[in-house]
Amino acid sequence: MSEQSTVISRPEPAALSVPSRAFTYRFFLSSCFLVLVLFSLTFHHSGVGIFILGLMNFLFCADVLVRSAAKDIWAGRFSFAVLISLCAGAGFVYASLNTFLTVKLFGPSVDLFLYSGLLVTLGLWAERRLTREKERARVFIKKIDDFLPKSGRLCVGRQFRKVFANELKKGDLIFVKPGERLAADGIVRQGKTSIDEQLITGNMLPTSKTEGSRVYAGTLNKSAEIYVEVTEVLAASALMSVIDAIKKGELLRSKFKSALDAFSGWVLLLLLLAAGGVYGFLLYTHGAGQWFHCLGIFLFILAAGCPAALVFAAVFPSFFTRSGARASKIKIQNVYALEELAQADTVFFDKTGTLTYGELRVSGVYPAKKISERQLLETIASAEQLVDGPFADAINLYAKKHKVKIQRVLCFDVLPGLGVQATCGEDKILAGRTQWLEEQGIKTSAKIATAAEAVVCVARNGKFLGFLTLSDELRPGAKETVALLKSLGKDVILISGDNEVSVGVIAQEAGIEKMNFNVLPKTKAEIVSNLRALGKKVVMVGDGFNDIIALLKADAGIVFSSGRNVYNNWVDVIVKRRDLFPISYLFTINKKLRRVVAMNVLLAVLLNGLVAAWLVGRMPQPSGWPLLVGGSLAVVLIVLLNSVRMLKIK
Ligand SMILES: Nc1ncnc2c1ncn2[C@@H]1O[C@H](COP(=O)(O)OP(=O)(O)OP(=O)(O)O)[C@@H](O)[C@H]1O
Ligand SMILES: [Zn+2]
């Protein structure tokens, strides 16, 4: 019981102390102050008025930045908030002292109210962006919780009692009305209905269910009342393992550090060294008695040297990276994942739908002895008629083309990675993986082991009727991508639910030496987790439902998708293309991205430093603010131009 509740409880509220709303309204307020200061400076209003505007900006807008800066300093982090708070603060103090002291401080008497205000405004904007990104992840987590059934109707004798879904135990009987979500995995004991199982099996069409059918927690009962025997508590249900993987993945992601924070410490150090150096030099030449008078130059360099363009140094490149990728039908949902891709040790490729198109075609029909081809086809086509997905689509198309007679299906279960189990009239049909049939005591054919393509075995009432082979084609670029990944030193492994021979054929075509075959969807995820536990960085490239947990458990997940997977929100990269060529781009782009960001930071620091130095060199410079602000904005433009390079997908 205690274990159940820990799994179900919401993720701990991460270190998101300030909501983005707080940044949003402060950003707009601060922009207004900025305009007012600019207006006052242009029309030479009194210094006291400008000081009041500046003070209000600090009290009402910069307060969040200062508070989070204090927290960061306390924790020994020299974050972006620390940099902006210190520099904008220095500028404000400098400008205030110059407004009220009769003897001006040593330094260009440039009005820094405007510039420090600009730093505050841009700082708020950047922090708002970052917190919003984290909040979005939170919203997704909340949304996934909506799928979680909250309560169930437990049958006690002839009565019902509403209980929390996580209180249900194996063997309990529950009553489910139409329109309700199932509270646990189970087996239908009474009633007939159709269930929307998209959440678990990916089947878009409702699945018909009757006594003996399997049902899953979280799926939606659509048409009639049913009684279900609980076979698995909610905490151990299929839905829960997906939700659990999603939450763990989000937690992992929320720990990523923004590039802005990573560089801010260095910029701050540089500024302190420059300002401190000049200050020391002045003390040396003017004498220590002048410490207060000379302090001006320290404050000035700290404030004017802090590049406003720094805010954009990391934002622009990732924005353009995303846009460039989107134009090529790649949706990078998590830019930080690019770093993981670059550092990955192992890359797993799923076979059907990922390395191959996943557009299967029935290539062979092999009836068992004394069974006609018709019989075999009629049986499997009846079982698959309401199923979708690559296997069922191919079989249904083939049946239609060959005018195969189809029996009405009473109910069916889709078992991800295994196959389909259906009831037609009195007959029970199984269509799926060879091992799955063997496990149920059905003897299949020895010929199957030599099939070089995906196989679906068919049985009716425990009797093997034969099998079908389905062919698929490698996506263009598969070979090239594998070769490139190998040249980058990555271990490439093919992982598939199909048999050894058919996986081997595709592996060879793609140039992959390592493979895992006959793997169940659950095992895929375990293989990924185990490798990660050994300290490896693992990337999963997959498609659709069977791979979702493996995709979520990996350090980064890339999914090939036609866009109807409900779990797509949670995958790092979505590829909506026919070829595999851009996959290698995803693994190499991070290097370029980092280079461009580093160059942006360098450009911003150098150019802004030059402007500040120019002002210091031309002391006193009473109306230098247009140069400082104009210069900084010009640097923003240069950073922008440098970042546009990321648009190009090589
Ligand atoms: N609709 C279906 N009808 C019959 N059999 C099916 C169906 N779906 C899957 N199977 C069986 O399950 C096996 C594995 O399915 P599937 O290819 O979807 O798994 P996977 O783990 O995603 O592997 P892959 O790497 O090939 O994508 C298939 O080879 C097939 O025998
Ligand atoms: Zn697949």
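All ligand and atom numbering here is 1-based and tracks the order in the structure. These figures come from a predicted structure and were not determined experimentally. If you read the sequence from its start, that first residue is 1, and numbering goes on from there.
- Relative orientation of the Phe464 and Phe467 rings is parallel, given thresholds of 30° and 60° on the angle between their planes.
- Among all protein heavy atoms, the one lying closest to atom 23 (O) of ligand 1 is Gly497 N, 3.0 Å.
- For the side chain to side chain contact (heavy atoms under 4.5 Å, CB included) criterion with Arg181, the lone passing option out of Thr219, Leu239, Leu199 is Leu199.
- The part of Val455 lying near ligand 1 is the backbone, judged by heavy-atom distances below 4.0 Å.
- If you look at Ile495 next to ligand 1, the close heavy atoms, those under 4.0 Å, all belong to the backbone.
- Contacts of Thr352 with ligand 1, taken as heavy-atom pairs under 4.0 Å, involve both backbone and side chain.
- Counting heavy atoms closer than 4.0 Å to ligand 1, residue Leu418 contributes backbone atoms (N, CA, C, O) but none from C-beta onward.
- The OD1 atom of Asp543, the Zn ion (ligand 2) and the O atom of Thr352 define an angle of 80° (nearest 10 degrees).
- The CG atom of Leu551 sits 10.5 Å away from the OG atom of Ser561 when rounded to the nearest 0.5 Å.
- Ion pairing between a basic and an acidic side chain is recognised when a charged N comes within 4.0 Å of a carboxylate O; Asp498 and Arg433 show no such pairing.
- Neither the backbone nor the side chain of Ala454 comes within 4.0 Å of ligand 1, counting heavy atoms alone.
- When only non-hydrogen protein atoms are considered, atom 2 (C) of ligand 1 lies nearest to Glu384 OE2, 3.4 Å.
- Salt bridge Lys209/Asp413: present, at least one basic N to carboxylate O contact under 4.0 Å.
- Phe391 CE1, 3.3 Å is the protein heavy atom nearest to atom 17 (O) of ligand 1.
- What sits closest to atom 6 (C) of ligand 1 on the protein, heavy atoms only, is Gly419 CA, 3.6 Å.
- No more than 12 heavy-atom neighbours from other residues, nucleotides or ligands sit within 6.0 angstrom of CZ on Arg361.
- Side-chain N/O atoms of Ser208 and Ser194 include no donor and acceptor closer than 3.5 Å.
- Looking at atom 29 (O) of ligand 1, its nearest protein heavy atom turns out to be Asp498 OD1, 2.3 Å.
- The shortest contact between atom 24 (P) of ligand 1 and any protein heavy atom is with Asp350 OD1, 3.1 Å.
- Atom OH of Tyr357 has more than 12 neighbouring heavy atoms from other residues, nucleotides or ligands inside a 6.0 Å radius.
- Nearest to atom 19 (O) of ligand 1 among the protein's heavy atoms is Asn546 ND2, 3.4 Å.
- Nearest heavy-atom pair across Thr193 and Ile195 is CG2-CG1, 3.9 Å.
- Protein heavy atom nearest atom 21 (O) of ligand 1, with residue, atom name and distance: Lys524 NZ, 3.2 Å.
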